[in-house]
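Heads up: the structure comes next, in structure tokens.
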There are 2 protein chains.
Amino acid sequence: MSDLTQRQTEILDFIRSQLRDTGFPPTREDIARQFGFSSKTGAQDHLMAIARKGFIELVPGNARGIRLLKEDELLLSHQFELPLIGSIAAGTPITAETNVDTWLRIDPELFHPRADFLHRVAGHSMKEANILDGDIVGIHAQDDADNGQIVAAVMPHPKTGEDEITLKRYFRRGKKITLKPENSAPAYKPLEIDLAPLEGDSQEQTPFRIAGVYAGLIRPRG
Amino acid sequence: MSDLTQRQTEILDFIRSQLRDTGFPPTREDIARQFGFSSKTGAQDHLMAIARKGFIELVPGNARGIRLLKEDELLLSHQFELPLIGSIAAGTPITAETNVDTWLRIDPELFHPRADFLHRVAGHSMKEANILDGDIVGIHAQDDADNGQIVAAVMPHPKTGEDEITLKRYFRRGKKITLKPENSAPAYKPLEIDLAPLEGDSQEQTPFRIAGVYAGLIRPRG
DNA sequence: TTCTGTACTGTTATTTGGTACAGTACACCC
DNA sequence: GGGTGTACTGTACCAAATAACAGTACAGAA
């Protein structure tokens, strides 16, 4: 299924907003007026292109005969849902389909900052930050962080070598990064990373990156 | 606001079903055809009656210019939402409209047991159960609890006398109930309630009831 | 008894709206 | 260089749809 062009997306959005505001779809003339076309044929052409790409259905001979398709997914699934990310397949972006375990119906805007994905915490390394084993944390995607923030770090598992997400408190001083667990038990040791040896080395993959910052959590059991 | 007649209800239902099925409202002719009228004026008369009674709005000069009113609740129907309960008006059930501060888009089934409503925690009395000030807890509505469970208890505030929700760990031994905060600081003292004097006393209001059991939480900030 | 509201039929005027045809211009791909 | 797709303008026709006017019939309330 091909994608919509910029203009076609604008027009589809206008149809959506008209449906929301007025309760019925716009006419060709409504669309032409909205976008400053002097002829309704312009609108018609766009509608036929959008229909051909499968985003709407045009009902011939019916005034305002525009039916939105694939809106169930948009309205029910993705607008108010967040992907739960488990393990991360090599070379894929975090939120790639393959990494999504499931979608949970939670409004992303509930978190501050807004959550872009979720991750289920395993283990007790952040216990003293009140993040417990089994909690589902909301992560706001960004590739940098301030000192002292809790970040979702992506790095290979020491044994399996597979990329995984871990939560740690982030500190940076010059080229030295410290990822600190929030558990004072001796088993939990801060991780020190020196960026210096990696500089200019385009072959070697940086073994660590920030996927985002901690934005809150859900604890699904009483 | 007067009620609709049988026929008007049928016609309003037809408009709803057309909107659901086709994505846009019917014309006067669609309605006439559906109900076997030989003239579209019949449909028009009904529409004007339904509009006069406030159930729809007719947009003059617009084909299919029928707008459903009072449909918001029906459409987004709180299916994947939970009410956030603040203070509780005297003599109302917990989840009564008046007690609902807002609706949050969270799937009730995310919690175990299923959450029926949410409550925002104020204060640090449950700190050692890892429930912090500002957390939003999910509550599964039930009027009893097992020993050691965390419950949402409803009782009058000691100063204002207004009913409010507090979280406490619940213990019962015979007629004696203990509501225990999870904070070992000396300011937080267990509350002892003796049910015995209340028995058979129908005049006196029981000053405490269980609204439900703790089913998990959301922490909306990083 | 009259008035008001519901529930229609029948006809007609007028506007709204869909759609076809003929162009122009630009960008990208092979 | 030709083909295809996008992004429009401009004209025109005609079916779709609204809306107004004139009725009929019945039922319940004042």
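Keep in mind the model is a prediction, meaning the values are calculated, not measured. Here is the naming used below: chain letters follow the sequence lines, and residue numbers restart at 1 for every chain.
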Give a yes/no on whether any side-chain N or O of [X] is located under 4.0 angstrom from OP1 or OP2 of [N].
X        : N       : answer
His46(A) : dT6(D)  : no
Arg52(B) : dT6(C)  : yes
Arg7(A)  : dC8(D)  : yes
Arg28(A) : dG17(C) : no
Lys53(B) : dT6(C)  : yes
Gln6(B)  : dA7(C)  : no

| message | Counting only heavy atoms not in Lys127(A) (residues, nucleotides, ligands), do more than 12 fall under 6.0 Å from its NZ? | response | no

| query | Crowded around Asp21(B) CG? As in, over 12 foreign heavy atoms under 6.0 Å? | reply | yes

From C-beta outward on [X], which listed nucleotide comes closest to its side chain: [options]?
X        : options                   : answer
Ser39(B) : dT6(C), dT9(C), dG17(C)   : dT9(C)
Ser38(A) : dT6(D), dT9(D), dA7(D)    : dT9(D)
Asn62(B) : dG18(C), dG10(D), dG17(C) : dG17(C)
Gln44(A) : dT9(C), dT19(C), dA17(D)  : dT19(C)

| Is a donor-acceptor contact shorter than 3.5 angstrom present between the side chain of Thr41(B) and the base of dG10(C)? | yes

Distance in angstrom units between [X] [atom1] and [N] [atom2], rounded:
X        : N       : atom1 : atom2 : answer
Phe37(B) : dA17(D) : CZ    : P     : 18 Å
Gln8(B)  : dG5(C)  : CD    : P     : 12 Å
Leu4(A)  : dT6(D)  : CG    : P     : 10 Å
Asp45(B) : dA20(D) : CG    : P     : 11 Å
Arg64(B) : dG18(C) : CZ    : C1'   : 11 Å
Glu10(A) : dT6(D)  : CD    : P     : 15 Å
Phe35(B) : dT9(C)  : CZ    : C1'   : 17 Å
Lys40(B) : dT11(C) : NZ    : P     : 13 Å

| query | So which heavy atom on Gly123(A) is nearest to which on Asp133(A), and how close? | reply |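 Reported closest heavy-atom pair: N-OD1, 2.7 Å.
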
| remark: Tightest non-hydrogen contact, residues Tyr170(A) and Asp144(A), listed as OH-OD1, 4.1 Å

| said: Please check: side-chain N/O of Asp135(B) versus main-chain N/O of Val137(B), any donor-acceptor pairing under 3.5 Å? | reply: no

| Does Arg33(A) or Met48(A) map to a spot on DNA chain C nearer the 5' end, using the closest nucleotide for each? |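 Here Arg33(A) is the residue nearer the 5' end.
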
| Would Leu191(A) and Thr166(A) satisfy side-chain contact (heavy atoms from CB on, under 4.5 Å), going step by step from the backbone distance to the final call? | CA-CA 12 Å; Leu191(A) 194 66; Thr166(A) 54; over 6 Å; no

| Which part of the nucleic acid does Thr5(A) contact within heavy-atom distance under 4.0 Å: base, sugar-phosphate only, or nothing? | sugar-phosphate

| Taking for each residue the nucleotide of DNA chain D with the nearest heavy atom, is it Ala49(A) or Gly42(A) whose nucleotide lies nearer the 5' end? | Ala49(A)

